[in-house]
Colleague: 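Structure below; questions to follow.
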Amino acid sequence: MLLVEVKAGQALVWGTEAARTLRERLGVGGRPVGSLARGPRQNARLGLPLLLLPEEARLLAEIGVATLVTAPRPNPGQQAQAVAAYHREQESGFREQRALASEARRRRLKDLEEHIAEARAKKQRGRGRSSKERREVGGGAFGGGAGSVCPCSNFPSPQPGPQPPFPETAMLVQLPTARPRPAWARPLDWHHPSPDWPHAGNPSHELRYQVYKDLWERGYFLTSGGKFGGDFLVYPGDPLRFHAHFVAQCCAPGDSLPLPDLVSAGRLGTNVRKTLLLCSPQPDGSVAYTSLQWAGLP
């Protein structure tokens with residue numbers, strides 16, 4: 001049984017195996033909204049957790065493959081204690097990393113000092129051999145004094161100096177790849193509205209859910225269609241392998257559809273090479289579909 005955590009109307013899936021099962025076996029992809037552990041400061045590629053559409057979460061609970069769970073909201077006192085504990089942990093980690101950085105700098109200076117000492121000793125040995133060779137060649141005619149030896153510059157010794165600053169922005173932060181579930185988490189009753197599940201009984205949600213479930217049962221893969229002006233994007237398979245064929249727009253039976261809205265939706269769908277699909281649930285539980293395409297457009 002898969003677990004879907006719900007908070008303030010948002011349904012999240014944290015487990016890797018759960019996300020894989022949803023996509024490969026159930027045709028439910030969700031949308032990754034978490035940062036990657038190796039690239040937390042970018043948003044071009046995202047990872048776990050998966051944010052599910054309310055319709056996706058309800059479908060999983062209704063067919064019995066997932067349990068929606070939620071944790072009671074902590075009181076203000078508990079929340080303040082949790083925030084204070086988090087800040088204390090951050091400060092402790094910063095002090096520890098600053099001490100480690102200071103120790104690493106001290107070791108680097110020590111290694112550099114030893115290296116310079118070895119280089120000085122090598123120069124001294126080389127200068128002594130050069131003076132001896134000149135005395136042997138000149139036979140003492142030129143005195144072979146110290147003034148005949150080219151002076152060599154000395155390496156400066158590393159100075160400790162003031163400790164360079166260690167900014168908080170350089171601090172390493174641990175990013176967990178899984179979320180520990182609170183021990184007091186309890187199942188969520190999605191049949192009734194609550195602060196964590198406000199969708200129950202909402203006419204818009206009920207309309208969208210009927211359409212979503214019917215298309216899902218027909219074998220289609222659905223994602224949010226907000227970027228194309230619809231309710232869902234309808235794919236013939238996994239969106240990682242296929243382009244969407246339809247832009248689904250949900251309409252309640254008897255609702256009027258203004259002609260300018262219909263024209264704009266149809267032209268937009270045709271321009272992005274997708275068919276506008278008007279979806280209207282019927283009283284008997286079926287869904288009526290009407291597809292629209294503009295002719296004469298490239």
Side-chain angles (χ1 to χ4, degrees), residues 1-40 43 45-75 78-79 81-83 85-86 89 173-202 204-206 208-226 231-233 235 237-240:
M1 180 69 69
L2 304 177
L3 290 179
V4 178
E5 298 187 29
V6 181
K7 179 65 68 175
Q10 305 293 317
L12 299 173
V13 175
W14 291 86
T16 304
E17 289 301 324
R20 181 178 178 180
T21 299
L22 290 179
R23 191 172 204 96
E24 296 181 355
R25 300 183 182 179
L26 299 174
V28 175
R31 179 167 61 92
V33 295
S35 61
L36 299 179
R38 294 185 179 272
N43 58 1
R45 294 175 63 93
L46 299 176
L48 294 178
L50 291 181
L51 175 63
L52 302 182
L53 295 172
E55 294 75 25
E56 291 175 323
R58 175 176 170 180
L59 174 71
L60 297 175
E62 190 172 289
I63 64 178
V65 299
T67 300
L68 306 186
V69 298
T70 185
R73 287 177 169 79
N75 58 51
Q78 292 176 335
Q79 191 169 4
Q81 292 177 2
V83 172
Y86 172 78
E89 183 178 356
V173 179
Q174 182 180 6
L175 295 177
T177 57
R179 180 174 183 267
R181 186 168 294 105
W184 57 89
R186 54 180 174 77
L188 174 70
D189 186 3
W190 52 271
H191 297 88
H192 302 89
S194 65
D196 287 326
W197 189 257
H199 312 291
N202 188 326
S204 175
H205 170 70
E206 297 297 333
R208 288 165 52 93
Y209 178 71
Q210 291 184 57
V211 174
Y212 179 91
K213 184 178 180 181
D214 186 76
L215 289 173
W216 179 82
E217 289 177 342
R218 293 172 183 263
Y220 290 102
F221 202 115
L222 285 82
T223 64
S224 175
D231 291 294
F232 303 108
L233 289 179
Y235 297 81
D238 193 324
L240 297 177

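Along the sequence shown, residues carry numbers from 1.
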Colleague: Taking all heavy atoms of Pro32 and all of Gly47, pick out the closest pair and write down the distance.
Modeller: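 Residues Pro32 and Gly47, closest heavy atoms: CB-O, 3.3 Å.
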Colleague: Working to the nearest 0.5 Å, report the span between CE of Met1 and OG1 of Thr67.
Modeller: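 These two atoms lie 4.0 Å from each other.
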Colleague: Locate the shortest heavy-atom distance separating Arg23 from Phe221; write the atom from each residue and the value.
Modeller: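 For Arg23 and Phe221, the tightest heavy-atom pair comes out as O-CE1, 4.2 Å.
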Colleague: Evaluate the side chain to side chain contact (heavy atoms under 4.5 Å, CB included) criterion for residues Arg45 and Leu36: first the C-alpha distance (whole Å), next the side-chain angles of each, then the deciding distance (0.1 Å), finally the verdict.
Modeller: CA-CA 7 Å; Arg45 294 175 63 93; Leu36 299 179; 4.0 Å; yes
Colleague: Which distance, rounded to the nearest 0.5 Å, do you find between the CG of Leu52 and the CG of Leu59?
Modeller: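 Going from CG on Leu52 over to CG on Leu59, the span is 10.5 Å.
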Colleague: How far apart are the closest heavy atoms of Thr223 and Pro239, and which atoms are they?
Modeller: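 Shortest heavy-atom contact: CG2-CG, 4.1 Å.
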Colleague: Counting C-beta onward and ignoring hydrogens, is there a side-chain heavy-atom pair between Arg58 and Arg208 closer than 4.5 Å?
Modeller: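 No. Closest side-chain heavy atoms not under 4.5 Å.
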Colleague: Minimum heavy-atom separation for Gly9 to Pro198, with atom names?
Modeller: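 For Gly9 and Pro198, the tightest heavy-atom pair comes out as CA-CD, 3.8 Å.
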Colleague: Does the plane of the ring in His199 sit parallel, tilted or perpendicular to the ring in His205? Use 30° and 60° as the thresholds.
Modeller: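 Tilted.
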Colleague: Under 4.0 Å between a side-chain nitrogen and a carboxylate oxygen: does that hold for Glu62 and Lys213?
Modeller: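 Between Lys213 and Glu62 there is a salt bridge, with a charged N closer than 4.0 Å to a carboxylate O.
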Colleague: Which heavy atom in Pro54 sits nearest to a heavy atom in Trp197, and how many Å separate them?
Modeller: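 In this case the closest contact between Pro54 and Trp197 is O-CH2, 3.6 Å.
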Colleague: Name the orientation class of the two ring planes belonging to Phe232 and Tyr212 (parallel below 30°, tilted from 30 to 60°, perpendicular beyond 60°).
Modeller: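 Correct class here is tilted.
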Colleague: Less than 4.5 Å apart, any side-chain heavy atom of Ile63 and any of Trp216?
Modeller: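 Result yes, sub-4.5 Å side-chain heavy-atom pair found.
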Colleague: Any heavy-atom pair between the side chains of Val13 and Leu22 that's under 4.5 Å?
Modeller: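 With C-beta onward as the side chain, the pair touches.
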Colleague: Checking side chain to side chain contact (heavy atoms under 4.5 Å, CB included) for the pair Leu188/Ser194: CA distance, chi angles, key distance, verdict?
Modeller: CA-CA 9 Å; Leu188 174 70; Ser194 65; 3.9 Å; yes
Colleague: Specify the closest pair of heavy atoms between Ala11 and Val4, including all atoms of both residues, with the distance to one decimal.
Modeller: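 So the minimum-distance heavy-atom pair works out to CB-CG1, 3.7 Å.
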Colleague: When you measure from the side chain of Lys7 to the backbone N and O of Thr70, does any donor-acceptor pair fall under 3.5 Å?
Modeller: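 Absent.
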Colleague: Among Leu68, Leu2, Leu26, which residue satisfies the side-chain contact (heavy atoms from CB on, under 4.5 Å) criterion with Leu60?
Modeller: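 Among the candidates, only Leu26 passes.
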Colleague: What distance separates Leu46 CG from Leu48 CG, expressed to the nearest 0.5 Å?
Modeller: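 If I round to the nearest 0.5 Å, the distance is 10.5 Å.
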Colleague: Arg31 and Leu50: side chain to side chain contact (heavy atoms under 4.5 Å, CB included), yes or no, with the steps?
Modeller: CA-CA 5 Å; Arg31 179 167 61 92; Leu50 291 181; over 6 Å; no
Colleague: Calculate, to the nearest 0.5 Å, the distance between atoms CG and OG belonging to Asp231 and Ser204 respectively.
Modeller: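 Going from CG on Asp231 over to OG on Ser204, the span is 7.0 Å.
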Colleague: About how many Å separate CG of Leu233 and CG of Leu222, when rounded to the nearest 0.5 Å?
Modeller: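 The CG atom of Leu222 sits 8.5 Å away from the CG atom of Leu233.
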Colleague: Got more than 12 heavy atoms from elsewhere within 6.0 Å of OH, Tyr220?
Modeller: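 Check fails, neighbour count at 12 or below.
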